[in-house]
Each structure stands twice: as C-alpha cells, then as structure tokens.
Amino acid sequence: LLLPPGAAEFSPALDSDFTFTLPAGRKECFYQPMRKEASLELEYQVLDGAGLDVDFHLLSPKGETLVFEERKSDGVHTVETEDGDYMFCFDNTFSTISEKVIFFELILDNMGEDREDQEDWKKYVTGTDLLDMKLEDILESINSVKARLSKSVQIQTLLRAFEARDRNIQESNFDRVNFWSMVNLGVMVVVSAVQVYMLKSLFEEKRKSRT
C-alpha cells in the first residue's frame, strides 16, 4: 500500500484516540498495522466546522475500498482484518473556506497480546494444583475487569467528544443570536428616529408670519 506524504501511523495499542484540525481544501490520511483475524473498530465525529461534515475513506492493505462515506458528521465501522496496513482518510476538499475539527478513536481486538501475557504468567507459576483458585480463573477475572474498564474509558471518551461538539454548536448559535439581536436593535433605533423626525415635521409651521 503506497502511503501519501504526511500520512500518520498509530502504534498497535488496544485503544487510541486523536483529535486534529483539517484545513479547508485538504485531505489527511492515517494508517494502522493489523494482524490476521483481528478486529478494527473505528469511530469518528466532526466536532466543529461549518456543516459538521467530512468525507471518510477506509482502505484495506490491498488497496480495496472497504468504506466510503460522503458529507457525514459521524460514523462507526468495524472490519475483520488481515496482515497489513489499513489506511483511513478524512477529506475536506469540498470545502473552500471552513476548516473542521475531527475526533476519531481506534479499538483493536484479538491482536495477540493477551495470549502472550497469559503464557508469560504460566512460566512463573508452579504448583498450581495446590492453589484453591486455578490460574485460569484468575486470568478470567482479570480479563473481565480489564474489558469493563476499557469499555468505561471508551464510553467516557465518546461522551467527551459529544460534549465538545454540542458546546461548539451552542457557542455558534449564541454568537448568531447575538449578531441578529444587534442588527434588530439597530433597525429599531433607526426606525424610531425616522418616526420621531416624521412626526416633528408634521407639526412644524410651514408658513412664514408677516410683520
């Protein structure tokens, strides 16, 4: 897979998130190394910018298009992966003025780290038949706690992203309301001044008195 200049790579961590500014008329691409029979989940949101929309493109290591979305504000996609680098791009070339603030999160499953960690643990444990609790039960409990903690972190991250987008929308609406309120106030002042002038002109004595 040929990567464009400026493409960014993410380390094969289980979870990672990133927020960046995409200028008007620009396209930014990233890639993620994956293993065979693993799972890649990608969620993105446009937090700020006119229209709150962006084009999204996901490519396989063979260059095949897996996902293509136009003018979307958010999206969630999960794919079963093979060995190689997956590329995903955010395209703002359709906009000539407005830049976009984009948040996305990667969640990687079945990357092989858990199995290797379990094998490392077994090397240092002897006499497991004397323990009341089996090693497998301990690992199962730890993995359950780890999965729940990861899910909690993921939900909190998404809630922060939703909060940021809602705050940007509210601030934009607040500025818009203030602007049009000032326009209406200016129009009312001008209309009032014109009315006062017209009333005064009606009661003025237009004839000149002779002495």
Visitor: So that I know where these two stand, are Y86 and Y31 an aromatic pair - ring centroids less than 6.0 Å apart?
Guide: no
Visitor: Which pairs would a plain distance check flag for residues 20-27, meaning a side-chain donor or acceptor within less than 3.5 Å of a matching protein atom at least two apart in sequence or in another chain?
Guide:
residue : atom : partner : partner atom : Å
R26     : NH2  : E28     : OE2          : 2.8

Visitor: Measure the OG-CG distance between S60 and D85 for me, rounded to the nearest 0.5 Å.
Guide: 11.0 Å
Visitor: Can the ring centroids of F56 and H77 be said to lie less than 6.0 angstrom from one another?
Guide: yes
Visitor: Within a reach of under 6.0 Å around CD of E163, are more than 12 heavy atoms found that belong to other residues, nucleotides or ligands?
Guide: no
Visitor: Using the rule given for side-chain contact (heavy atoms from CB on, under 4.5 Å), can you reason through L108 versus Q32, listing the C-alpha separation, both sets of side-chain angles and the distance that settles it, and then say yes or no?
Guide: CA-CA 10 Å; L108 313 180; Q32 173 63 48; 3.6 Å; yes
Visitor: Decide whether F88 and F94 are clustered together by the hydrophobic rule: side chain heavy atoms of Ile, Leu, Val, Met, Phe, Trp, Tyr closer than 4.5 Å, transitively.
Guide: no
Visitor: Test of understanding: clusters of I, L, V, M, F, W, Y form through side-chain heavy atoms closer than 4.5 Å, transitively. Do L42 and V67 belong to the same one?
Guide: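 Same cluster.
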Visitor: Among residues at least two apart in sequence or on other chains, which ones pass side-chain contact (heavy atoms from CB on, under 4.5 Å) with Q195?
Guide: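 Partners of Q195 by the side-chain contact (heavy atoms from CB on, under 4.5 Å) criterion, ordered by chain and then number, come out as V191.
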Visitor: Let me see the working for L106 and L40 under side-chain contact (heavy atoms from CB on, under 4.5 Å), right down to the final yes or no.
Guide: CA-CA 7 Å; L106 296 176; L40 169 63; 4.0 Å; yes
Visitor: Kindly compute the distance separating OG (S16) from CZ (F104), expressed to the nearest 0.5 Å.
Guide: 7.0 Å
Visitor: I'd like to know if the side chain of D83 reaches the main chain of K36, judged simply by a donor and an acceptor atom lying under 3.5 Å from each other, with no hydrogens or angles considered.
Guide: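 Looks like yes, one N/O pair under 3.5 Å.
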Visitor: Side chain of T81, backbone of R35: donor and acceptor closer than 3.5 Å?
Guide: yes
Visitor: For residues 167-177, which side-chain N or O atoms pair as donor and acceptor with protein atoms under 3.5 Å away, sequence neighbours left out?
Guide:
residue : atom : partner : partner atom : Å
N168    : ND2  : L47     : O            : 3.1
N168    : ND2  : A164    : O            : 3.1
N173    : ND2  : I169    : O            : 3.3

Visitor: If a pair satisfies side-chain hydrogen bond (donor to acceptor under 3.5 Å, both in side chains) and one of its residues is in residues 39-57, list it, with sequence neighbours excluded.
Guide: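 Of all non-adjacent pairs touching residues 39-57, those that pass side-chain hydrogen bond (donor to acceptor under 3.5 Å, both in side chains) are Y44-E69, D53-R71, D53-K100, H57-T65.
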Visitor: Using a cut-off of 6.0 Å, state whether more than 12 heavy atoms not belonging to L185 lie near its atom CG.
Guide: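 More than 12 within 6.0 Å, yes.
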Visitor: So, the side chain of S201 versus the backbone of M198: is there a donor-acceptor pair under 3.5 Å, distance only?
Guide: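 Checking the backbone N and O of M198 against the side chain of S201, a donor-acceptor pair under 3.5 Å is found.
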Visitor: Output, in order, the C-alpha distance, side-chain angles, deciding distance and verdict of side-chain contact (heavy atoms from CB on, under 4.5 Å) for T19 and V101.
Guide: CA-CA 7 Å; T19 302; V101 178; 3.9 Å; yes
Visitor: With a 4.5 Å cut-off on side-chain heavy-atom distances among I, L, V, M, F, W and Y, is there a chain of contacts connecting F18 to I102?
Guide: yes
Visitor: Which heavy atom in A50 sits nearest to a heavy atom in S98, and how many Å separate them?
Guide: N-OG, 2.9 Å
